[in-house]
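Throughout, protein chains are lettered first and strands after them, A, B, ... in sequence-line order, and every chain is numbered starting at 1. What you see below is based on every heavy atom in this structure, not just the backbone, and it leaves out hydrogens, waters and symmetry mates.
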Amino acid sequence: MLALTDFSARLIAWQRIHGRHDLPWQNTRDAYRIWLSEIMLQQTQVSTVIPYYARFLERFPTVTTLADAPIDDVMALWAGLGYYSRARNLHRCAQVVAHEHGGAFPETVDALAELPGIGRSTAAAIASFAFGARATILDGNVKRVLARVFGVDGFPGEKRVENAMWTLAESLLPDAAEKEDVTAYTQGLMDLGATLCVRGKPDCARCPFAPDCVANVEGRQRELPAARPKKAVPTRNTWMLVLKDGDSILLEKRPPTGIWGGLWSLPEAPDEATLVAVAQNFGGEAHLERLAPLSHTFTHFKLQIEPRLGQASGAPAQAMDAATVWAPLSRIDSFGVPAPVRKLLDALTGSLI
DNA sequence: AACACGGGGAT
DNA sequence: ATCCCAGTGTT
């Protein structure tokens, strides 16, 4: 193993001068704001999060206002960020904190990690940023930094490799650190990975670990960390119904789990004939107009969407319930609608005017 | 241990 | 088009 005895000291010194200090969720010890940012930043880049974070704080300034809000309001503000189970867990977590912890987040990693949506790494981030706890994060940035600096081989998503990285990360923590040092250290891990030790072209010339870094010394920046093993992504096909009644569109609430869980979307069918039956159930005419197909790629599969436009004329054969709503096109934003469906409806709004 | 879960940015 | 991102929860 690399003889690097001053990893934390070097990282802290670098962070204070060259790290990021003005992100919207920095310069606060408010656990609510830190927690909110950490959840939004799971698998999501900083630039994407910033506008969502501002809107969320404006609408929900405290954990209690979030806890007492309807879940549909939370989903609507989250729509477009992806990984919607995060939003459901966010709401559940706020309710637990507000009603079982008196509105204050617990201060230990273990207690934080018991809350919905908070795992080991996020618990450590909150504990270190909000409470100055000596705990290590292990996110994508840290895995990349460790893999390169210490020459850790193997795909970090593999259990054996990840376990080794947790152990390594724990061993690198500054000992008996001040709270300010802990903050600078945790932020430094993130900043180094986000600004210098990036995936594509790492800026090794500016890196404080360049002389010791295995990847830099051996010219293996491109090989470390090892890439995820390739896997073929399947294609799924679906037909979506845009059923119009005046200026309103029929939306259906998706089940809480699975793709777009808890969001409002268009009624779907596995083929066109079934979609016609669905339309008629909701009082639609038998003739459906073909709209331009669209394709949406997820991490693990590709979705081909065949949209069809129908007009509502008769009375619905199927009773409307809590999972069905006529949404005015002008107020689609107040519903949580998945990004591709939102795009489809936006294009439709433009062409129908 | 492996998989499900989104959308957007970077290349 | 492909990879990956301030990961967590379920199976």
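- Of the candidate nucleotides B/dG6, C/dG9, C/dA6, C/dA6 has the atom nearest to the side chain of A/L23.
- Judged by distance alone, the side chain of A/T48 and the main-chain N or O of A/T44 form no donor-acceptor pair under 3.5 Å.
- Side-chain contact between A/Q187 and A/Q26: present, with at least one pair of heavy atoms (C-beta onward) separated by less than 4.5 Å.
- Counting non-hydrogen atoms under 4.0 angstrom, A/L189 reaches nothing in the nucleic acid.
- Checking A/G200 against A/G82, the closest nucleotide of DNA chain B that is more toward the 5' end is the one next to A/G82.
- Regarding A/L138, its CG atom lies at a distance of 9 Å from the P atom of C/dG7, rounded to whole Å.
- The interatomic distance linking A/Y84 (OH) with C/dT10 (C1') rounds to 20 Å, in whole Å.
- The A/S121 side chain lies nearest to C/dG7 when the options are B/dG7, B/dG8, C/dG7.
- If you check every strand for non-hydrogen atoms under 4.0 Å, A/W25 touches a base.
- Residue contacts shown for A/Y83 include a base, since a base heavy atom lies under 4.0 Å away.
- Closest approach to the A/A339 side chain among B/dG7, C/dC3, C/dA6 is made by B/dG7 (side chain taken as heavy atoms from C-beta onward).
- In this structure, A/F335 and A/W264 have perpendicular ring planes: the angle between them is above 60°, well past the 30° mark.
- Remark: A/Q43 is in phosphate contact with C/dG7, judged by side-chain N or O atoms under 4.0 Å from OP1 or OP2.
- Rounded to the nearest Å, the gap between the P atom of B/dA4 and that of C/dA6 is 23 Å.
- Set against B/dG7, B/dG8, C/dT2, the side chain of A/K230 has C/dT2 as its closest nucleotide.
- Following rounding to the nearest Å, A/D139 (CG) and C/dC4 (P) show an atom-to-atom distance of 15 Å.
- Annotation: of the two residues near DNA chain B, A/K231 and A/V198, the 5′-most nearest-nucleotide partner is A/K231.
- Side-chain atoms of A/R86 lie closest to B/dG6 of the nucleotides B/dG6, B/dG8, C/dG7.
- You'll find that the side chain of A/N141 is closest to C/dA6, out of B/dG8, B/dG7, C/dA6.
- Residues A/E306 and A/P293 are in side-chain contact: their nearest non-hydrogen atoms beyond the backbone lie under 4.5 Å apart.
- For a distance-only test at 3.5 Å, the side chain of A/T299 qualifies as a donor-acceptor partner of the base of B/dG6.
- Judged by a 6.0 Å distance limit and a 45° cone about the ring axis, A/R236 is positioned over the six-membered ring of A/F301.
- Across all strands shown, A/L90 has no heavy atoms under 4.0 Å from either base or sugar-phosphate atoms.
- You'll find that the side chain of A/W260 is closest to B/dG6, out of C/dA6, C/dC3, B/dG6.
- Within the 4.0 angstrom heavy-atom criterion, only backbone atoms of the sugar-phosphate kind lie near A/I118; the bases stay farther away.
- Between the side chain of A/T44 and the base of B/dG6, at least one donor-acceptor pair of N or O atoms lies under 3.5 Å.
- The interatomic distance linking A/N89 (CG) with C/dT10 (P) rounds to 7 Å, in whole Å.
- In this structure, the OH atom of A/Y53 is 21 Å from the C1' atom of B/dG8, given to the nearest Å.
- For A/N216 (side chain) and A/A210 (main-chain N/O), a donor-acceptor pair under 3.5 Å exists by modelled atom type.
- Looking at heavy-atom distances under 4.0 Å, A/R20 makes contact with a base.
- Across C/dA6, C/dT8, B/dG6, the shortest atom-to-atom separation from the side chain of A/L41 is found for C/dA6.
- Considering only the side chain of A/T122, C/dT8 comes nearest among C/dT8, B/dG9, B/dG6.
- Between the P atoms of C/dT10 and B/dG6, the separation comes to 14 Å (whole Å).
- In this structure, A/H300 places its NE2 atom 7 Å from P of B/dG6, rounding to the nearest Å.
- Nucleic acid contact class of A/T297 (heavy atoms, under 4.0 Å, all strands): none.
- Both the sub-6.0 Å distance and the 45° axial angle are satisfied by A/R55 relative to the ring of A/Y52.
- Using a 4.0 Å heavy-atom cutoff across all strands shown, A/G157 reaches no nucleic acid atom at all.
- If you take CE of A/M190 and C1' of C/dA6, they are 4 Å apart, rounded to a whole angstrom.
- Note: CD1 (A/I50) to C1' (C/dA6) measures 13 Å, nearest angstrom.
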